[in-house]
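A short write-up of the structure that comes next.
The structure presented is a predicted model; accordingly, all values stated were derived computationally and were not measured.
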Amino acid sequence: MTLSEDRPINDRARELLDEHRDSIYRRTDHMFAWLMFFQWIAGIGIAMWVSPYAWAGRTQYVHPHIWSALIVGGLICSLPILLAKYYPGRAITRQTIAVGQALASALLIHLMGGRIEAHFHIFGSLAFLAFYRDWKVLVTASLVIAVDHVARGLLWPESIYGISIFGWQRSVEHAGWVIFEDIFLIYSTWISRREMTVIANRRAEMEKMQAEVEREVTERTREIELQRLVLQESHERLERQTEELRKAIEASEGANHAKSAFLANMSHEIRTPLTAILGFADVLLETGDIYKAPVERVEAIETIRRNGSHLISLINDLLDFSKIEAGKFQVENLPCSLHRLIADIRQLMQVRAEEKKLNIQVEYDGPIPEMILTDPTRLRQILMNLLSNAIKFTHEGSVNMKVALVGKAANRKIQIDVSDTGIGISDEMCDKLFQPFTQGDGSMSRRFGGTGLGLTISKRFAGLLGGDLTILETSHKGTTFRLVIDPGPLHNVNFQEPETTASVPDLEKSKPSDTKNVLRDLKILLVEDGPDNQRLISFLLKKAGAEVDMAENGELGYQKATAASGAGSPFDVILMDMQMPIMDGYTASTKLRSDGYNGPIIALTAHAMAEDRNRCIEAGCTDYTTKPVDRAKLIELIRFHAEAASV
């Protein structure tokens, strides 16, 4: 029985020791059973070939007592053999074997005629009996041997000493040798039993440890099984949630896709008529004796332009916000001169500031990197929005920009504070100023206009540029917004002191002051399905000196372009609307390029999403511009590509 945790170790050790000793007893009993049987057989052989010479001298003669001794020897051996077979391990068995083995030694000595060599059998018998590791067995055998020696020494000395004279010294000497051997055998037995006890104690301790380990393993296994069940349940729940989330994402992506498609189509449908509205409003303001027109008429045209521009701004904000909400807005990190970008923005916004007699001041707090790695388009959009708001809400005073490089080592940031001396922002509105469609309150929107998306989009852009946009401070004396962006790696980048900043190019001077005859002698194919836009764009191009041919769809445009090329007088530039009936501009451009047409094709489309430009370029267009038409930009774009193609 193994050791349980509650059972004392000593009890189990005693039990193990008893089991071990019983095993030794049984094994030794079986050994002596065979040994005594062979001794009896050996005794018969000795009686037949040795005893006659021992007892009768040179004449072989078997004395009758020899046969009697053999019969007695058989009886001596029979009882121990029977006990070893039927009662092994018991004390009576090993004590009987001890007596039998001692008598067997006495019989051998008798058969050998008392030869001194025969007495060594006694030592062998005691040594074999020591296998029992029981000192009592040795004592019993020694007592039998002692009695045999004394009795036969007195009564029949010749049978034990080989001579007929009794001598106490012989018995004492023999007893001394037996006692001498018993001392060593009993000591070795005691050592062996002590080792057996130690082994039993260690085994008991090991069993106890094993029981504890098994209990611990059982508990851990049960805990692991419970945890496995919990994990399995969690895994199944997670799979269900994942499936639900996947369906929700698919539904959300579908909704975002539908919303993006709706916004794109809405943008296209609004931009297309706005192209004609804003374009013809410009035409009305620039043609004829407009200075002789009634003031109310001029104001009405200006109102059309202003509201059209506001509508374009609204559409742009909605498209940007839609992309950001869908998580598909990505920024491009390009090398950018921060000095030049700020100078460009300042000069551009200064025109609007001067309308309110304001001045935009730019201050550099220390040197800044000559080039940074950021998205210049989005950075420009953020700064223009901040400056636009500052100008909008400031009636007198100034608008200031403070630029600095802050932070240390790899955590350096570009920090731009835009401050105004405007009406400030209430604490209540500060908390929700960056929420979409929130612009102060309703009265602010009515007074100052705006969609309420500008700051929301700017803050999202700032996050995409590795920084943030926050309100640093605000009061009735003005407001300061702080923009922080990541400038990218600054290793091996030169730093510019404010006074070494490159001079700001005069954009107004760089623009052509008059577009008349800029496109003189250029032959342009306008592929446009809208009649109003056909009239507007052809009017602008003809006014710039170009010869304009028109096609109502992509199929006609493809035919005219192919025919002109085949006649040896290809068009200098093709303006291609991308969404048209019969054949759209994408297909027409692709077919022209597949036919080997090398002339410039400029996509002119109301699709203003970022991916629309890539789609146009992939279709084979050389460049891309959007509706409503920026007259100066369009004419400059045509001139640039016409000159590039002629080189």
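Between the side chain of Lys560 and the backbone N or O of Met550 there is at least one donor-acceptor pair closer than 3.5 Å. A donor-acceptor pair is defined here as one N or O able to donate and one able to accept, closer than 3.5 Å; such a pair exists between the side chain of Ser538 and the backbone of Arg535. With hydrogens and angles disregarded, no donor-acceptor distance shorter than 3.5 Å links the side chain of Ser388 to the backbone of Asn385. Listed for the Ser398 side chain is no donor-acceptor partner under 3.5 Å among the backbone atoms of Asn359. Side chain of Arg482 to main chain of Thr470: no donor-acceptor pair is present (N/O by atom type, distance under 3.5 Å, no hydrogens or angles). Between the side chain of Thr605 and the backbone N or O of Met578, no donor-acceptor pair lies under 3.5 Å. Under the 3.5 Å distance criterion, the side-chain polar atoms of Thr303 are matched with a main-chain donor or acceptor of Glu299. Of the possible polar contacts, one joining the Arg593 side chain to the Tyr597 backbone as a donor-acceptor pair under 3.5 Å is found. Remark: side-chain polar atoms of Thr421 are paired, donor with acceptor, to backbone N or O of Glu396 under 3.5 angstrom. Gln534 places a side-chain N or O within donor-acceptor distance of the main-chain N or O of Glu528, the cut-off being under 3.5 Å.
The shortest side-chain heavy-atom distance between Ile638 and Ile602 falls under the 4.5 Å cut-off. Between Tyr364 and His339, the closest side-chain pair of non-hydrogen atoms falls below 4.5 Å. Side-chain contact between Phe495 and Ile368: absent, with no pair of heavy atoms (C-beta onward) separated by less than 4.5 Å.
A salt bridge links Lys627 with Asp577; the closest basic N to acidic carboxylate O contact falls under 4.0 Å. Using a 4.0 Å cut-off between charged nitrogen and carboxylate oxygen, Asp572 and Lys523 do not count as a salt-bridge pair. A salt bridge links Arg613 with Asp623: the distance from a Lys NZ or Arg NE/NH1/NH2 to an Asp or Glu carboxylate oxygen falls below 4.0 Å. Checked for salt-bridge contact, Glu244 and Lys247 miss the test: no charged N lies under 4.0 Å from a carboxylate O. Using a cutoff of 4.0 Å between basic side-chain nitrogens and carboxylate oxygens, Arg305 and Asp282 are scored as salt-bridged.
Note that CD1 of Ile485 and NZ of Lys413 are 9.5 Å apart. Values are rounded to the nearest 0.5 Å. Here the CD1 atom belonging to Ile601 is positioned 5.0 Å from the CG atom belonging to Leu592, to the nearest 0.5 angstrom. Annotation: the span from Leu386 atom CG to Leu455 atom CG amounts to 6.5 Å, rounded to 0.5 Å. In this structure, NE2 on His395 lies 14.5 Å from NZ on Lys357, to the nearest 0.5 angstrom. Here the CZ-NZ distance, from Phe640 to Lys633, works out to 13.5 Å after rounding to the nearest 0.5 Å. With values rounded to the nearest 0.5 angstrom, Ile391 atom CD1 is found 10.0 Å from Glu354 atom CD.
For the residue pair Asp595 and Tyr558, a side-chain donor N or O sits within less than 3.5 Å of a side-chain acceptor on the partner. Inspection of the Thr587 and Asp584 side chains reveals an N or O donor paired with an N or O acceptor under 3.5 Å.
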Does the pair Leu379 and Leu465 meet the rule for a side chain to side chain contact (heavy atoms under 4.5 Å, CB included), with working shown? CA-CA 8 Å; Leu379 179 58; Leu465 297 181; 4.3 Å; yes

Would you please test Leu464 and Asp375 for side chain to side chain contact (heavy atoms under 4.5 Å, CB included) and show each step? CA-CA 9 Å; Leu464 293 173; Asp375 189 327; over 6 Å; no

Please assess Val527 against Asn553 for the test side chain to side chain contact (heavy atoms under 4.5 Å, CB included), listing each intermediate value before the final yes or no. CA-CA 6 Å; Val527 185; Asn553 54 63; 5.9 Å; no

Starting from the C-alpha separation in whole Å, work towards a yes-or-no answer on side chain to side chain contact (heavy atoms under 4.5 Å, CB included) for Thr479 and Ile423. CA-CA 8 Å; Thr479 303; Ile423 59 177; over 6 Å; no

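Among all heavy-atom pairs drawn from Pro628 and Thr275, the shortest one is CA-OG1, 3.3 Å. Summarising the geometry of Pro335 relative to Leu373, their closest heavy-atom pair is N-CD1, 3.6 Å, with the distance given to 0.1 Å. Across Cys616 and Tyr586, no two heavy atoms sit closer than the pair SG-CE2, 3.8 Å. The minimum heavy-atom distance linking Ala588 with Gly554 is given by the pair CB-O, 3.7 Å. Taking every heavy atom of both residues into account, Leu274 and Gly308 meet most closely at CD2-CA, 4.0 Å. Of all heavy-atom pairs spanning Ala544 and Ile635, the tightest one is CB-CD1, 3.8 Å.
Under a cut-off of 6.0 angstrom, the local environment of CD in Glu547 is sparse, with at most 12 non-hydrogen atoms contributed by other residues, nucleotides or ligands. The neighbour count for Glu552 CD, taken as heavy atoms of other residues, nucleotides or ligands under 6.0 Å away, does not exceed 12.
Only one option out of Val403, Leu383, Val418, Leu472 pairs with Leu483 in a side-chain contact (heavy atoms from CB on, under 4.5 Å); it is Leu383.
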